[in-house]
Amino acid sequence: MTLDDSLKRAMAARLLEMADDELILAHRDSEWTGHAPILEEDIAFANIAQDEMGHALIWYDIRRSLTGEDTDRLVFFREPSEFRNAQMVELPKGDWAFSMVRQWMFDTWETIHLEALEQSRFTPVAEAARKIRKEETYHLRHTRAWTRRLGLGTEESNGRMQAALDLLWPYRGQLFSFPADYLLLVDQSLMPDLGRLAALWDQRVQGELANANLRMPDPATLSGARGQHSEHFPALIDELQQVARLEAEARW
Amino acid sequence: MTDTQWPRFEVFLIEEEGKPAEHVGSVHATDPEMALLNARDVFVRRPQCRELWVAPSAHILFRTAQELENAVPSRDTQPAGAKEQQYLVFAKPNHREPLVLSSCLSAPSAESALASALEPASTPETAMWAVVPEAVLTRSDSEEIESFFQPAENKPYKMHSDFPTGRQMKEIRQK
């Protein structure tokens with residue numbers, strides 16, 4: 001279906017959030033390359049980082065088809081304040097438990113989100129969701145296995161997992177937030193009702209926490225919508241963009 | 001020397017339906033699930049694959065042609081308490097080619113299975129054998145093909161020459 005101008009604007013705004021989440025998480029994940037606990041996991045997690053980067057590119061490209069914006073400009077020449085990712089994905093990589101809990105929380109979210117996006121009446125989004133979900137099924141299997149392994153492991157591994165979970169928990173709310181005119185898209189069955197998906201996420205996460213011997217943290221939620229960033233974000237963007245900005249006219 | 005690595009698992013891969021499983025290498029893992037996932041990431045990121053198997057190395061009997069010359073295995077080898085079970089016998093024709101599944105048979109021990117595999121006079125020249133008890137093998141599920149192997153199919157290698165960067169850097173320098 002073709003979108004009128006107001007739907008186009010709303011769709012572009014939402015696609016930017018989705019793409020930015022993937023991009024920034026991919027960047028944080030990639031920081032483990034060369035540092036993961038064992039060689040095989042180093043390769044596995046680098047693969048996951050690369051996959052998430054690929055997903056970002058897919059969402060940016062659909063956005064470009066609506067706005068005509070160049071994707072590289074969007075990634076490498078925006079100011080930190082212009083990024084729309086949730087803060088959860090920009091937090092420093094922490095220890096292995098922290099990165100595993102974050103990736104698992106995100107993968108659980110992404111899987112639920114993609115299942116719903118497959119039903120979108122906007123064909124490019126539905127088709128992309130079907131493609132991405134194949135990879136996401138694997139990611140979730142991988143991070144769920146780690147969540148159980150560390151949760152059920154030693155006192156130390158369980159303690160580190162619980163600490164990571166407690167720290168990340170308040171950030172979950174931003175995953176389910178959306179831009180001002182998003183409901184226009186929901187009305188037209190172009191995008192899913194995120195409130196309903198959030199409830200589903202809660203349910204799946206709770207079940208899995210029990211399997212991994214981890215406690216549900218207090219329900220506290222971080223205030224602040226997307227577009228607000230942590231103190232760690234400018235340094236991340238600086239690193240992400242520094243090569244591209246050395247020679248702004250270069251084509252890669 | 002103490003080995004601080006996690007246990008080793010051998011990895012076997014079936015490229016496409018109808019082809020025999022081939023040994024592609026090994027991974028370290030704490031359990032078969034992790035071994036299978038690691039095998040997927042290490043060995044199936046790009047090449048074609050239908051199915052993956054992993055088996056703990058410690059449970060596999062390896063014999064080179066030279067070792068077999070020095071000690072011929074006997075069909076009657078049957079350790080106390082051993083039960084008849086299924087074994088997969090892999091053969092490596094020479095040093096360039098991988099171990100490939102050659103037969104699957106029931107035997108009271110790995111040695112005995114190897115002796116049976118060696119029996120036919122027409123056995124082709126083999127540099128090395130590996131005997132894997134089927135019971136210790138973990139296989140990828142056919143329902144997992146979609147998430148395990150399909151994504152790799154759309155990811156061709158990109159050669160460095162596909163990127164214009166080198167030429168461009170030269171142009172920039174000349175400016």
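All values below were derived from every heavy atom in this structure, side-chain atoms included, with hydrogens, water molecules and symmetry-related copies excluded. Throughout, protein chains are lettered first and strands after them, A, B, ... in sequence-line order, and every chain is numbered starting at 1.
The shortest distance between side-chain heavy atoms of Trp146(A) and Met34(B) falls below 4.5 Å. Within the 4.5 Å cutoff, side-chain heavy atoms of Tyr138(A) are placed close to those of Asp41(B). Here the side chains of Asp31(B) and Arg149(A) are in contact, with some heavy-atom distance below 4.5 Å.
Annotation for Glu119(B): atom CD counts as buried by contact number, over 12 foreign heavy atoms lying within 6.0 Å. The 12-atom threshold is exceeded at CZ of Arg28(A), counting heavy atoms of other residues, nucleotides or ligands nearer than 6.0 Å. Residue Gln66(B) qualifies as open at atom CD: its count of foreign heavy atoms under 6.0 Å is 12 or below. Atom CD of Glu155(A) has 12 or fewer neighbouring heavy atoms from other residues, nucleotides or ligands inside a 6.0 Å radius. Counting heavy atoms of neighbouring residues, nucleotides and ligands inside a 6.0 Å radius, atom NZ of Lys131(A) does not exceed 12 of them. Arg215(A) CZ: 12 or fewer foreign heavy atoms inside a 6.0 Å radius.
Annotation: the span from Glu41(A) atom CD to Trp6(B) atom CH2 amounts to 7.5 Å, rounded to 0.5 Å. To the nearest 0.5 Å, atom CZ of residue Phe148(B) and atom NZ of residue Lys134(A) are 15.5 Å apart. Separation of atoms CG (Leu39(A)) and NE2 (His28(B)) is listed at 9.0 Å; rounding is to 0.5 Å. If you take CZ on Arg173(B) and CD on Glu247(A), they are separated by 11.0 Å, rounding to the nearest 0.5 Å. Separation of atoms CG (Asn38(B)) and CD1 (Ile43(A)) is listed at 8.5 Å; rounding is to 0.5 Å. Taken to the nearest 0.5 Å, the CG atom of Leu36(B) stands 12.5 Å off from the NE2 atom of His142(A).
Only the side chain of Ile172(B) comes within contact range of chain A, judged by heavy atoms closer than 4.5 Å.
Under the side-chain contact (heavy atoms from CB on, under 4.5 Å) criterion, Ser189(A) pairs with Arg121(A), sequence neighbours left out.
A salt bridge links Glu33(B) to Arg141(A): at least one charged side-chain nitrogen sits closer than 4.0 Å to a carboxylate oxygen.
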